[in-house]
Amino acid sequence: MRIVFLGDSLTEGVDGASYLRVLRERIAADQRLRDMSLINAGRGGDTILNLAHRVSRDVVVHNPDWVVIFVGVNDCRTWYVRRSLPRWEHLTSGYYFLRRKGIWRAVTPQRFECGLGALVDDLRVQTPARIALCTPASASEARNARAERMLDAYAERVRTVARERVCALVDVREAFVAAQTPSKSGYRLTCDGVHLSDAGAALVSGIFYDWLRSISSPGAG
């Protein structure tokens, strides 16, 4: 079974810890899952709009049985910086999305939902693969932070698209929020609020490991 993980830097695994590396190690030790091939199609900084431009190059060529779409944090970031005070880091982030990613205006939750739905439809035209949608993990790892509340809106849009287009749902956001410790300061699941620490990579890989076991079980639909 070939599974393409299509996403951003969390999937690419260059910044912080790699959940896919941990996941590969886990399935290699599991006799039931050893025949699975996990293909990394993550690229740092990508939004849902960027994923749509590389479906043929990064997904279709692999003829996958499943495509996992794991994105949303950068989309939220494009919205957050435009709704925040013009601090240097916000201006730098906005410039990055404009110059490096071609994002001229914010990918609002509404645009994100439309883009995600269109991506699912396109994948179904170009491949026979089944599709799993993942909610985004973290925007700051501070539960009461504005960025975290904004990210919740994107997670809800993923759930909506999964329900309406009958896709599998891997609710990373729900598990991430449950694992957060609001009473403690500092990062635990991430190294900078977004990119995964070893603890975060272990959590996310565990979520996907359980999902892989579920789709590999006899009679899985």
Side-chain angles (χ1 to χ4, degrees), residues 3-12 19-20 23 40-55 58-59 64 66-80 97 101 103 106-124 127 129-141 143 145-180 189-190 193-196 200 203-212 214-215 221:
I3 306 171
V4 172
F5 285 77
L6 182 62
D8 52 29
S9 58
L10 267 66
T11 296
E12 187 178 25
Y19 76 83
L20 267 182
L23 185 57
N40 188 330
R43 182 176 296 177
D46 270 9
T47 67
I48 192 65
L49 304 181
N50 301 111
L51 299 190
H53 293 305
R54 53 189 186 90
V55 166
D58 292 345
V59 179
W66 278 89
V67 177
V68 176
I69 303 173
F70 186 18
V71 72
V73 175
N74 292 312
D75 305 78
C76 182
R77 184 68 180 170
T78 68
W79 191 38
Y80 177 80
F97 284 116
K101 293 297 177 178
I103 305 300
V107 185
T108 62
Q110 294 81 2
R111 289 189 76 201
F112 177 75
E113 181 179 345
C114 289
L116 183 58
L119 179 58
V120 169
D121 294 342
D122 189 30
L123 285 167
R124 284 176 169 165
T127 78
R130 300 186 66 183
I131 299 170
L133 305 184
C134 307
T135 52
S138 171
S140 74
E141 206 181 337
R143 190 69 195 105
R146 181 163 168 259
E148 284 286 285
R149 297 195 300 272
M150 293 173 75
L151 192 64
D152 285 334
Y154 290 80
E156 193 54 43
R157 299 294 174 139
V158 174
R159 298 179 187 115
T160 296
V161 174
R163 181 173 62 252
E164 293 180 349
R165 282 176 166 76
V166 195
C167 299
L169 175 67
V170 182
D171 207 335
V172 176
R173 179 69 179 159
E174 182 179 60
F176 224 82
V177 170
Q180 288 175 342
L189 301 174
T190 69
V194 173
H195 300 101
L196 301 174
L203 174 63
V204 174
S205 66
I207 296 166
F208 281 121
Y209 177 72
D210 290 341
W211 174 70
L212 291 176
S214 74
I215 65 171

Revision key, fill the gap. Rounded to the nearest 0.5 Å, the OH atom of Tyr154 sits from the CH2 atom of Trp79 at a distance of 5.5 Å
Exercise for review: Report the distance from atom CG of Leu119 to atom CZ of Arg124, rounding to the nearest 0.5 Å.
Suggested key: 11.0 Å
Exercise for review: Using only heavy-atom distances, determine whether the side chains of Asn74 and Thr47 contain a donor-acceptor pair under 3.5 Å.
Suggested key: no
Exercise for review: First locate atom OG of Ser140, then atom CD of Gln180, and finally report the distance between them rounded to the nearest 0.5 Å.
Suggested key: 7.5 Å
Revision key, fill the gap. Phe70 and Thr135 have their tightest heavy-atom pair at CE1-O, 3.4 Å
Revision key, fill the gap. Closest non-hydrogen atoms of Arg159 and Asp171, given as atom of the first, atom of the second and distance, are NE-OD2, 2.8 Å
Review point. To the nearest 0.5 Å, how far apart are CG in Asp210 and OG in Ser205?
Key: 9.5 Å
Review point. Phe5 pairs by side chain to side chain contact (heavy atoms under 4.5 Å, CB included) with which of Val67, Leu23, Ile69?
Key: Leu23
Practice item. Indicate yes or no for a side-chain donor-acceptor contact from Ser9 to the backbone of Gly45 under 3.5 Å, with no hydrogens or angles considered. Key: no
Check your understanding: So how far is it from Tyr80 OH to Glu148 CD, rounded to the nearest 0.5 Å?
Key -> 10.5 Å
Review point. Where do Ile207 and Ala175 come nearest, in terms of heavy atoms and distance?
Key: CD1-CB, 3.5 Å
Review point. Do you know the tightest heavy-atom contact between Leu133 and Cys167?
Key: CG-CB, 4.0 Å
Check your understanding: If you measure from the Lys or Arg side-chain nitrogens to the Asp or Glu carboxylate oxygens, is any gap between Arg111 and Asp75 under 4.0 Å?
Key -> no
Exercise for review: Go through the steps to decide whether Asp8 and Leu51 satisfy the test side-chain contact (heavy atoms from CB on, under 4.5 Å), and finish with yes or no.
Suggested key: CA-CA 9 Å; Asp8 52 29; Leu51 299 190; over 6 Å; no
Exercise for review: Determine the interplanar angle of the Phe208 and Tyr19 rings, folded into 0 to 90°, and report it as parallel if under 30°, tilted if 30 to 60°, perpendicular if over 60°.
Suggested key: parallel
**Study point:** Residue pair Ala137 / Val73: nearest heavy atoms and the distance that separates them
**Key:** N-CG2, 4.4 Å
Revision key, fill the gap. Looking only at heavy atoms, the pair that brings Pro136 and Leu151 closest together is CG-CD1, 3.7 Å
Point to revise | Nearest-0.5 Å distance that lies between atom CG in Asn40 and atom CG in Leu20 | key: 5.0 Å
**Study point:** Check against side-chain contact (heavy atoms from CB on, under 4.5 Å), Arg165 and Asp121
**Key:** CA-CA 9 Å; Arg165 282 176 166 76; Asp121 294 342; 3.0 Å; yes
Review point. Can you find a heavy atom in the side chain of Phe176 that is under 4.5 Å from one in the side chain of Thr190?
Key: yes
**Study point:** Pairing residues for Glu174 by the salt bridge (Lys or Arg N to Asp or Glu O under 4.0 Å) criterion, not counting sequence neighbours
**Key:** none
Check your understanding: Glu113 side chain to Arg157 main-chain N or O, any donor-acceptor pair under 3.5 Å?
Key -> no
Point to revise | Asp58: salt bridge (Lys or Arg N to Asp or Glu O under 4.0 Å) partners, not counting sequence neighbours | key: Arg43, Arg54
Exercise for review: Can you spot which of Ile3, Leu6, Val59 makes a side chain to side chain contact (heavy atoms under 4.5 Å, CB included) with Pro64?
Suggested key: Val59
